[in-house]
Amino acid sequence: MCLFLQVDPKDYMFSGLKDETVGRLPGKVAGQQFLIQDCENCNIYIFDHSATVTIDDCTNCVIFLGPVKGSVFFRNCRDCKSALACQQFRVRDCRKLEVFLCCATQPIIESSTNIKFGCFQWYYPELAFQFKDAGLSIFNNTWSNIHDFTPVSGELNWSLLPEDAVIQDHVPLPTTEELKAVRLSTEASRSIVPVSRGQRQKNSDESCLVVLFAGDYTIANARKLIDELVGKGFFLVQTKEVSMKAEDAQRVFREKAPDFLPLLNKGTFWMIGPVIALEFNGDGAVEGCQLIVNEIFSGTKMFVSESKDAASGDVDSFYNFADIQMGK
């Protein structure tokens, strides 16, 4: 006999609320679809993963969404501030939104104005597992690469928030006792998603590409490397996690490829796992990356750009390959 768990749609909806702080704790949504509609002057926090989230006709709301396996769609909203992570992000018929975003694909706006974007920056203990449950990589975040379906000549319907924007000034932490029980932090150094500069103007004409290969500690090593280099004044521009075949390595790593082929494949058909690529920027970035990798990760084989001249080609080659691989 099959037992079906009855799902009550009302448990996965906030509708018609005004001047309230509401939310769902970790484990309470568990991959279901969620709907937020007709809310005004509310603070809404979904501290769990979900399938899709639709936000309709909301005004002056603060909205936090844990990882969303599919799409987040804002329609006919205004004066809202949000932090969220998703596979696809779309805004239609909205005005004056601020979004701190982690998005695996290119964010899209349509018939909307004054939409501002920043990089997702958030931590709570369950969040890393929720990213896994939603099938999202913390390293695949195209938060600043916006596509406007309905551009207006001479106007820009979207912009990036100031780099020094403090996320809590836009999306404050919850104040109710129930939601305060979630151990939250918005410090950049604790953020589950690495805080990247994205499409902002680079500070220097020198970048460096570092590629980490699949292993037991790859994610931890990537985080440690980011902490070390950001701590030394370099900027993390972009990150990517993607599967790589031998022929891709030949194209991206060129004459260095033979050094890394054993890290990609065990045998003919068994790929070990995805690689993680990090682009750092700043004067002396190549030397800085080489020093840190040699000092701290001497037992771990990584690809690091050899020189400033080679690095720009490395970055272009890798991200062109990654864009094709991810179907852009």
Side-chain angles (χ1 to χ4, degrees), residues 5-69 72-86 89 94 96-102 116 118-134 136 138 161 165-193 195:
L5 192 63
Q6 192 66 38
V7 172
D8 186 344
K10 290 198 293 296
D11 291 338
Y12 306 98
M13 176 190 302
F14 291 126
S15 181
L17 304 180
K18 187 171 181 181
D19 302 322
E20 290 192 48
T21 294
V22 294
R24 291 287 183 267
L25 293 171
K28 296 298 184 184
V29 179
Q32 296 291 330
Q33 297 183 20
F34 210 95
L35 173 63
I36 301 170
Q37 62 183 13
D38 300 310
C39 293
E40 183 180 350
N41 199 33
C42 289
N43 287 12
I44 298 168
Y45 303 88
I46 310 293
F47 293 128
D48 205 1
H49 68 103
S50 48
T52 62
V53 180
T54 306
I55 302 157
D56 288 337
D57 303 296
C58 289
T59 303
N60 197 34
C61 289
V62 166
I63 300 170
F64 175 88
L65 304 176
V68 180
K69 184 170 192 162
V72 172
F73 201 174
F74 278 82
R75 299 184 293 199
N76 198 34
C77 295
R78 61 185 176 84
D79 294 296
C80 291
K81 299 177 180 182
S82 184
L84 62 98
C86 60
F89 180 79
C94 293
K96 210 173 175 193
L97 303 186
E98 295 176 357
V99 186
F100 290 85
L101 182 63
C102 176
K116 297 182 178 179
C119 183
F120 182 93
Q121 185 175 316
W122 209 277
Y123 167 87
Y124 52 89
E126 300 85 353
L127 187 53
F129 296 106
Q130 292 172 3
F131 265 88
K132 283 196 175 73
D133 288 338
L136 299 178
I138 60 173
L161 287 159
V166 178
I167 191 167
Q168 274 182 250
D169 294 345
H170 302 260
V171 183
L173 299 180
T175 54
T176 63
E177 288 306 313
E178 180 194 30
L179 297 173
K180 277 163 66 177
V182 181
R183 302 204 313 277
L184 304 169
S185 172
T186 58
E187 290 176 36
S189 60
R190 296 192 70 191
S191 177
I192 290 294
V193 173
V195 179

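Here, residue 1 is the first one in the sequence, and each next residue gets the next number. Since the model is a prediction, treat every value here as computed from it, not as a measurement.
Partners of Phe47 according to the ring pair (Phe, Tyr, Trp, His ring centres under 6.0 Å) rule, which considers only residues two or more places apart in sequence or in another chain, are Tyr45, Phe64, Tyr124.
Note that the SG atom of Cys86 and the CZ atom of Phe73 stand 12.0 Å from one another [nearest 0.5 Å]. Put simply, SG on Cys61 and CZ on Arg78 are 10.5 Å apart, with the number rounded to the nearest 0.5 Å. Here the CD1 atom belonging to Ile55 is positioned 8.0 Å from the SG atom belonging to Cys80, to the nearest 0.5 angstrom. Taking NZ of Lys116 as the start and NZ of Lys81 as the end, the distance is 9.5 Å to the nearest 0.5 Å. Here Leu179 contributes atom CG and Ile46 contributes atom CD1; the two are 9.5 Å apart, rounded to the nearest 0.5 Å. Rounding to the nearest 0.5 Å gives a distance of 8.0 Å between CG of Asp56 and CG of Asp38.
Between the side chains of Asn60 and Asp79, no donor N or O sits under 3.5 Å from an acceptor N or O. Using modelled atom types, one finds no donor on one side chain facing an acceptor on the other under 3.5 Å when comparing Glu40 with Thr59.
Put simply, the side chain of Leu84 does not reach to within 4.5 Å of the side chain of Ile63, judged on heavy atoms.
Heavy-atom minimum distance, Leu136 versus Pro67: CD1-CB, 4.0 Å. Scanning both residues, Leu161 and Gly118, for their nearest heavy atoms gives CD1-N, 3.8 Å. Taking all atoms of both residues into account, the shortest heavy-atom contact from Arg183 to Pro125 is O-CD, 3.3 Å. Closest approach of Ser50 and Gln32 over heavy atoms only: CB-O, 3.1 Å. Across all their heavy atoms, Phe120 and Cys102 have their closest contact at CB-N, 3.6 Å.
You'll find the ring centres of Phe34 and Phe14 inside the 6.0 Å limit.
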Could you give the side-chain donor-acceptor pairs of residues 184-192 under 3.5 Å, partners two or more places apart or in another chain?
unit_1, atom_1, unit_2, atom_2, d
Ser185, OG, Glu187, N, 3.2
Thr186, OG1, Gln168, OE1, 2.8
Ser191, OG, Trp122, N, 3.2
Ser191, OG, Val193, N, 3.4
Ser191, OG, Val193, O, 2.7

Under 3.5 Å, which donor-acceptor pairs link side chains of residues 16-29 to any protein atom two or more places apart or in another chain?
unit_1, atom_1, unit_2, atom_2, d
Asp19, OD1, Asn41, ND2, 2.5
Arg24, NE, Asp11, O, 3.0
Arg24, NH2, Asp11, O, 3.1

Practice prompt. Please report the C-alpha distance between Thr52 and Val72 in whole Å, then the side-chain angles of each, then the deciding distance to 0.1 Å, and finally whether the side chain to side chain contact (heavy atoms under 4.5 Å, CB included) criterion is met.
Written response: CA-CA 6 Å; Thr52 62; Val72 172; over 6 Å; no
Fill in: Phe100/His170 under side chain to side chain contact (heavy atoms under 4.5 Å, CB included): CA gap, chis, key distance, verdict
CA-CA 9 Å; Phe100 290 85; His170 302 260; 3.6 Å; yes
Practice prompt. Dump the intermediate steps for side chain to side chain contact (heavy atoms under 4.5 Å, CB included) on Gln130 and Asp48, then the final yes or no.
Written response: CA-CA 7 Å; Gln130 292 172 3; Asp48 205 1; 3.6 Å; yes
Item to complete: Show your reasoning for whether side chain to side chain contact (heavy atoms under 4.5 Å, CB included) applies to Leu97 and Phe74.
Response: CA-CA 10 Å; Leu97 303 186; Phe74 278 82; 4.1 Å; yes
